[in-house]
Amino acid sequence: MLKTRKRRLPHLDSEAFRTALIDWYESNRRELPWRRTNDPYRIWISEIMLQQTQVKTVIPYFERFVQEFPNLAALRRASEPEVLSLWQGLGYYRRAKNLLVAAKIAKSVPQSYSELLELPGIGRYTAAAIASIAFGERRAAVDGNVERVISRLCCIDASASKLKRNCESVSQGAMGDANPGDWNQALMELGATVCRPFEPQCDKCPVAKFCKANQTATQSKYPIAKPTAKPKKLVHACVCPVHKGKVGLCKIASGQWWAGMWEFPRTEVDTTETPMTAAERLGFADLQGLLIVKHSVTQYSITLHSFVARAKKQKRELSWFSQDAIAELPMPAAQRKVADALKHAVIST
DNA sequence: GACTCGTGGCT
DNA sequence: TAGCCAAGAGT
């Protein structure tokens with residue numbers, strides 16, 4: 001069934017390599033909140049939050065999330081807005097939506113790789129990570145860190161998706177009788193702290209003598225980088241309508257960025273108009289400039305111009321909230337910055 | 001296989 | 001600083 005050509009890598013499939021890696025991990029592993037527990041639920045939450053997100057960023061979100069939803073039963077009872085509120089600022093909000101869907105599907109955290117794979121939001125990496133860390137299943141988990149570590153160890157010239165399968169095969173074959181959870185985490189930890197993208201700390205690497213890239217001084221060549229496009233520039237304008245102490249917002253429709261979250265009425269600014277002209281197109285007058293926020297969404301870099309408008313009445317197509325209520329709404333990061341600025345502006349006037 | 005989806009850390 | 005990148009998954 002496995003079409004992957006069996007790769008013989010005696011220099012990695014050895015007790016010496018495993019011992020060097022695991023010993024290093026046991027004395028250098030960072031103390032992280034999700035490492036203080038064997039609770040499969042918490043390990044699941046951490047792995048979802050860690051997708052494409054740095055450890056440092058995740059920590060406070062993880063702490064708040066498991067405090068609010070300490071187990072699967074508690075999460076299952078949550079609503080999507082509640083989960084999105086706890087997730088706001090973390091990005092990739094589909095993760096939060098899929099997590100909630102998965103929690104409602106699963107009676108308990110699935111204990112095997114194949115069962116985990118069936119849940120929405122859980123792919124090859126995450127299923128392998130949870131299965132190995134929480135349940136000891138012998139399954140290689142390959143994330144960006146592991147791809148970098150193994151592509152350097154073996155000087156693998158493959159790129160993109162081929163590299164991932166390739167590294168899975170290598171890791172699986174080299175795991176031997178090591179503890180699967182420790183094995184996977186050791187490779188990731190090594191990639192995150194020593195075998196970094198730039199300026200790898202090879203002098204501190206426990207497996208440097210096994211590394212072909214180190215031997216040939218080609219660390220910077222691996223993994224093979226894919227060409228990146230220049231971000232496209234966009235300009236957006238939004239208006240914070242204020243009327244009798246309330247502020248008007250709208251819920252973002254499905255199919256758009258940040259679907260299901262809340263924002264101030266927003267529009268694109270055409271190259272032929274000014275931000276204020278575009279903002280007036282939203283149906284407001286007497287605009288006062290509030291804040292300019294620069295943010296980005298993958299290949300777009302966006303400049304968001306925000307304005308305050310004293311509305312004559314509360315437009316019915318908007319929902320009107322007090323400042324305190326706005327604090328509870330799930331909002332995109334840039335919009336949250338505008339909301340914070342508005343709060344201070346209103347207080348100071 | 002190539003795109004899409006967020007945000008902040010780091011250099 | 002501008003750009004790269006992060007414990008990826010879904011389509």
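Within every chain, numbering begins at 1; the chains are lettered A, B, ... in the order of the sequence lines, protein sequences first and strands thereafter.
Residues passing the side-chain contact (heavy atoms from CB on, under 4.5 Å) test with A:Asp270, sequence neighbours excluded: A:Thr272, A:Glu273. For the side-chain hydrogen bond (donor to acceptor under 3.5 Å, both in side chains) test, residues two or more places apart in sequence or in another chain that qualify with A:Glu263 are A:Arg266.
Side-chain contact annotation: A:Gln54 with A:Thr57, donor-acceptor N/O pair under 3.5 Å absent. Remark: the A:Arg30 side chain and the A:Thr193 side chain contain no N/O donor-acceptor pair separated by less than 3.5 Å.
Here the P atom of nucleotide C:dA6 and the CD atom of A:Glu47 are 15 Å apart, to the nearest Å. One interatomic measurement links the two molecules: OH of A:Tyr25 to C1' of C:dA7, which rounds to 11 Å at whole-angstrom precision. A straight line from NZ of A:Lys164 to P of B:dG1 spans 14 Å, rounded to a whole angstrom. A straight line from NZ of A:Lys230 to P of C:dG3 spans 7 Å, rounded to a whole angstrom. Taking atom CH2 on A:Trp87 and atom C1' on C:dG8, their separation rounds to 12 Å, with Å as the unit. Regarding A:Lys226, its NZ atom lies at a distance of 10 Å from the C1' atom of B:dA2, rounded to whole Å. Per the geometry, CD belonging to A:Glu147 stands 12 Å off C1' belonging to C:dA7, to the nearest Å. Computed from coordinates, the A:Tyr125 OH to C:dG10 C1' distance equals 18 Å when rounded to whole Å.
Other residues sharing the hydrophobic cluster of A:Leu318, ordered by chain and number and joined by side-chain separations under 4.5 Å: A:Val239, A:Met276, A:Leu282, A:Phe284, A:Leu287, A:Phe307, A:Trp320.
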For residues 98-106 of chain A, run the donor-acceptor check on the side chains, cut-off 3.5 Å, and write out each pair with its distance to 0.1 Å, sequence neighbours left out.
unit_1: A:Lys104; atom_1: NZ; unit_2: A:Arg76; atom_2: O; d: 3.0
unit_1: A:Lys104; atom_1: NZ; unit_2: A:Ala78; atom_2: O; d: 3.4

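Among the nucleotides C:dA7, C:dC4, C:dC5, the one closest to the side chain of A:Pro197 is C:dC5.
Using a 4.0 Å cut-off on heavy atoms, the residues of residues 28-36 of chain A that approach DNA chain C are A:Arg30, A:Leu32, A:Trp34, A:Arg35, listed by number.
Heavy-atom neighbours of A:Arg316 CZ from other residues, nucleotides or ligands within 6.0 Å: at or below the threshold of 12.
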>> Please encode protein proximity along nucleotides 5-11 of chain B as a string of B, S and -, counting only heavy-atom distances under 4.0 Å.
In response: BBBBS--
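Taking the nucleotide of DNA chain C with the nearest heavy atom to each of A:Asn98 and A:Met188, the more 5' of the two is matched to A:Met188.
Comparing the C1' positions of B:dG1 and C:dA9 gives a spacing of 15 Å, expressed to the nearest Å. For the C1' atoms, the distance linking C:dT1 with C:dC5 amounts to 16 Å, nearest Å. Between C:dC4 and B:dG6, the two C1' atoms lie 15 Å apart (nearest whole Å).
Remark: A:Arg196 fails to qualify as a cation-pi partner of A:Phe198 under the 6.0 Å distance and 45° angle criteria applied to the six-membered ring.
Residues A:Phe69 and A:Arg77 are not in side-chain contact: their nearest non-hydrogen atoms beyond the backbone lie 4.5 Å or more apart.
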